Peer 1: 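First the structure, which I've put down as structure tokens, then a few questions once you've had a look.
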Amino acid sequence: MKIWHSIVGKLWATILLLVTFILFIVTALLLEFLGNFHREQAEESLQKEARIIANIVNDHDSQPLMSIIIPDFLDQETNAFIVDRNGEISHSYHQGPYKGEVEKKVLSSFDLSNGQLQNKMVKELVMPSLKEEDMMSQYIVLANPFTTEAGEVGTVFIYQNLEAIHDTTKRTTNIVILSAFIAFVLTTIFAFFLSTKITSPLRKMRQAANELSKGNFETKLVASQSDEIGQLATAFNQMGKQLKFHVELISQEKEQLSSILTSMTDAVITFNKDGTILLSNPQAEKLLKQWHLANESKGTSLPPEIIHMLEHSVSFSEEIEEELKIENYYYNVSISPLYSGNAIRGAVVVLRDMTEQRQLDKLRSDFIANVSHELRTPISMLQGYSEAILDDVTGSEEEKNEMIQIIHDESLRMGRLVSDLLDLARMESGHMKLYKEYVPIKPFLERIVHKFAPVAREAEVELTFEYPDEEIVLSIDEDRIEQVFTNLIDNAIRHTPKKGEVKLSIEKQQDVCKMSVTDTGAGIPEEDLEYIFERFYKADKARTRVKGGTGLGLSIAKNIIVSHEGVIKASRGKEIGTIMTVTLPIHN
């Protein structure tokens, strides 16, 4: 950094300019004073010498004696001559050339028309030099009139070359300028030292401020002085403590807010006034990414419903809470304006995904309706046949036994329905315990096929079993998996027409075992395939359950397979029929 851009340079330059200005004024005034002083001294000296000459003339009338005394006390640079009342030179004490020219020049410069002067006079004249030929010099000339005791009147003209005064003034000027230069140098050193001394704590404060700006809040200044700079250092240290406290407080609040936003299941988005997203939690980022993919062709990442609500909230400063359906999803949207003083600077949007709750509500209502429907028929039959027996409306003992058998079958069906509901509830709540063991899958499924062989012959359906030569061992709960395949094979036989075929096959694919139950029945409509594993779901009439079914078998089968970390799915055959596929992992 250049010194002129620093406080040291500015303070140093200010002191130097101030001192230089003062020295200049003092030097000019001093030189002017000394010049006038030397001139006045020269005039006083000439006046004194002129009075002495007048006294000598008054005391001594002898020309030879005066010629000896007067030159003796005159300076080397001083000459004189005396003029009588007639204006004639009576005595001359000129040393050097050009005597006549000098005396003539002097007499011509003074008015001696009356032969004498009334008062003394001082003039500066330019006359030939007494030292060098063909040179002109400046002289100071004093004319002092006098009167002797004898009544003689005359005038003493005494003149001196100003070169002596100029030399004295020049020497004095050199001394003054040298003194001013020395004072300037000393002032420069002192000013630099003083400015450095004053600004040294300020530079330390600047360094400390830079450290604070980098986040080093432990920076301290030593307050070694008791003046304003020391007080400033103390205030700086206190500011650092307060800044550290507030930054830590803000950081804690920010971390707390971030943790709260991250742990929230709701999506939270903060918008600027122009609709720019300022802040969002992970749930909101997933939702925004989903919306962006869905609305990419429209040139916007937000649904128009959200944009409209956001603009309304910001424009009218209103809190809005509504439930919206966006692309088959239900959201509870809450928008609140954000204020900066009295002005609105944006809004915060909270979105709660209500889709699952809506589905659960629908599933609950459907479940209640289905259970009511499933129970209504057997209860009605139980009530009707029991009333018929009580009223003794049966014609024979055989009809009575038949009614009793129906009541028994319907009660068993109700028992199975309740048992299946309890099993399904335990599975979905995670309370079902599996007793796994390693089971060779080929003999396990072969035993189930043999169990259903008489049922298939009675229904005139061909039941086959295909398996690979390689032995496959799975870690399964044997009873639960048997329950699954019992349900699948039973469904396939019941919904396959006479002369049809039901096939159970095993296929190993890398680390999984795929087991399929394929029938040649009417098949399940494509639009119903994704719903058949729901409770009490009914496809078209071609797949309507016959008497004895509860409508919960596939739902129970799916929960069992999922608990085994497997997958079960349904698909249509190439031409006719349905394929139920169970995939289970192979554990070494």
Side-chain angles (χ1 to χ4, degrees), residues 209-220 237-296 300-361 428-431 562 565:
N210 290 333
E211 292 296 324
L212 284 181
S213 66
K214 296 177 183 178
N216 184 11
F217 299 111
E218 299 298 331
T219 305
K220 301 292 181 184
N237 293 335
Q238 186 64 25
M239 182 192 69
K241 292 180 182 178
Q242 292 294 326
L243 187 61
K244 178 182 179 182
F245 172 76
H246 289 297
V247 168
E248 289 178 351
L249 184 62
I250 293 173
S251 179
Q252 292 175 0
E253 292 179 352
K254 184 178 179 181
E255 291 176 359
Q256 184 178 1
L257 179 60
S258 177
S259 300
I260 292 173
L261 289 176
T262 303
S263 61
M264 285 181 64
T265 57
D266 297 341
V268 181
I269 311 173
T270 302
F271 290 91
N272 203 351
K273 191 174 183 179
D274 58 359
T276 307
I277 297 176
L278 300 177
L279 180 66
S280 59
N281 63 346
Q283 289 75 10
E285 291 175 0
K286 294 179 183 177
L287 193 58
L288 289 171
K289 190 178 296 183
Q290 176 183 337
W291 285 346
H292 177 72
L293 295 175
N295 298 287
E296 190 172 6
T300 179
S301 59
L302 293 175
E305 298 90 344
I306 299 295
I307 296 176
H308 176 71
M309 293 175 62
L310 184 63
E311 292 177 349
H312 181 85
S313 177
V314 172
S315 300
F316 296 97
S317 183
E318 292 182 2
E319 294 185 0
I320 302 175
E321 186 169 356
E322 290 186 12
E323 186 168 319
L324 298 178
K325 181 181 181 182
I326 304 175
E327 298 172 0
N328 298 324
Y329 290 91
Y330 292 90
Y331 298 98
N332 190 333
V333 183
S334 176
I335 302 180
S336 300
L338 292 177
Y339 293 90
S340 178
N342 295 325
I344 296 177
R345 63 179 181 87
V348 59
V349 180
V350 180
L351 299 105
R352 175 171 297 177
D353 191 349
M354 305 295 292
T355 306
E356 185 176 354
Q357 183 175 345
R358 281 295 192 94
Q359 291 176 347
L360 289 175
D361 291 342
E428 292 182 346
S429 63
H431 293 158
V562 170
E565 300 177 0

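Because the structure is a prediction, the values reported are computed rather than measured.
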Peer 1: Work out which heavy atom in Tyr331 is nearest to a heavy atom in Leu287; give both atom names and the distance.
Peer 2: OH-CD1, 3.2 Å

Peer 1: To the closest 0.5 Å, what do you measure between CD (Gln242) and CG (Asn237)?
Peer 2: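 Gln242 CD to Asn237 CG: 12.0 Å, rounded to 0.5 Å.
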
Peer 1: Check the pair Arg358, Lys325 against side-chain contact (heavy atoms from CB on, under 4.5 Å), reporting the backbone distance first and the verdict last.
Peer 2: CA-CA 11 Å; Arg358 281 295 192 94; Lys325 181 181 181 182; over 6 Å; no

Peer 1: Measuring from His308:NE2 to Ser313:OG, what's the distance to the nearest 0.5 Å?
Peer 2: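 With rounding to 0.5 Å, NE2 (His308) is 11.5 Å from OG (Ser313).
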
Peer 1: Check step by step if side-chain contact (heavy atoms from CB on, under 4.5 Å) holds for Asn281 and Thr262.
Peer 2: CA-CA 6 Å; Asn281 63 346; Thr262 303; 5.6 Å; no

Peer 1: Would you compute the distance between atom NE2 of His246 and atom CE of Met239 and round it to the nearest 0.5 angstrom?
Peer 2: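 The NE2 atom of His246 sits 11.5 Å away from the CE atom of Met239.
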
Peer 1: Under 6.0 Å from the OH atom of Tyr339, do we count more than 12 heavy atoms belonging to anything else shown?
Peer 2: yes

Peer 1: Enter the distance from Arg345:CZ to Leu278:CG here, rounded to the nearest 0.5 Å.
Peer 2: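 Those atoms lie 7.5 Å apart.
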
Peer 1: Using the rule given for side-chain contact (heavy atoms from CB on, under 4.5 Å), can you reason through Thr276 versus Phe271, listing the C-alpha separation, both sets of side-chain angles and the distance that settles it, and then say yes or no?
Peer 2: CA-CA 5 Å; Thr276 307; Phe271 290 91; over 6 Å; no

Peer 1: Does any N or O in the side chain of Ser315 come within less than 3.5 Å of the main-chain N or O of His312, such that one atom is a donor and the other an acceptor?
Peer 2: no

Peer 1: Less than 4.5 Å apart, side chain to side chain, heavy atoms only: is that true for Ile326 and Ile306?
Peer 2: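 Ile326 reaches Ile306 side chain to side chain.
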
Peer 1: Could you tell me which non-hydrogen atom of Val348 sits nearest to which non-hydrogen atom of Leu338, and how far apart they are?
Peer 2: N-CG, 4.1 Å

Peer 1: Over all heavy atoms of both residues, which pair between Gln283 and Asp266 is shortest? Give the atoms and the distance, please.
Peer 2: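 The pair with the smallest heavy-atom distance is CB-O, 3.9 Å.
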
Peer 1: Leu351 vs Ile269, test: side-chain contact (heavy atoms from CB on, under 4.5 Å). Steps then yes/no.
Peer 2: CA-CA 8 Å; Leu351 299 105; Ile269 311 173; 4.1 Å; yes

Peer 1: Has Ser259 got a side-chain atom pairing as donor or acceptor with Glu255's backbone, closer than 3.5 angstrom?
Peer 2: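 Looks like yes, one N/O pair under 3.5 Å.
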
Peer 1: Locate the shortest heavy-atom distance separating Ile344 from Lys273; write the atom from each residue and the value.
Peer 2: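 Smallest interatomic distance, heavy atoms only, reads O-CD, 3.5 Å.
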
Peer 1: What is the distance from atom CD of Glu318 to atom CE of Met309, rounded to the nearest 0.5 Å?
Peer 2: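 It is 11.5 Å, given to the nearest 0.5 Å.
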
Peer 1: Determine the minimum heavy-atom distance between Tyr329 and Asp353, stating which atoms define it.
Peer 2: CD2-OD2, 4.4 Å

Peer 1: CD of Glu356: more than 12 outside heavy atoms within 6.0 angstrom?
Peer 2: no

Peer 1: Could you grab the distance from atom CG of Leu257 to atom CD of Glu253, nearest 0.5 Å is fine?
Peer 2: 9.0 Å

